[in-house]
Amino acid sequence: MHYEALKKPRDPAAFIADLQRRHTAALDWLGVALRKGTTGGVKITRKKGEPWISVPPLGK
């Protein structure tokens, strides 16, 4: 009953496959947006030599 309410499959393999598909799609979208410069100021930079996602502060 709880799985139906959450609209999630009971099969863990199906749940993981859907999660991976959605994450891949989101990362693909981010990659395209980074190349086009349409991320609203989000950038991939380095902090202490490690990759870092930089997000501009929100306005008041």
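Being a predicted model, the structure only gives us computed values, none of them experimental.
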Val55: hydrophobic cluster co-members (side-chain, 4.5 Å): Trp29, Leu30, Leu34, Val42, Ile44, Ile53
Which residues share a salt bridge (Lys or Arg N to Asp or Glu O under 4.0 Å) with Arg21, sequence neighbours left out: Asp18
Look up atom CZ in Arg10 and atom NE2 in His2, then write down how far apart they are to the nearest 0.5 Å. 10.0 Å
Distance (rounded to the nearest 0.5 Å) between Thr24 OG1 and Arg22 CZ: 11.0 Å
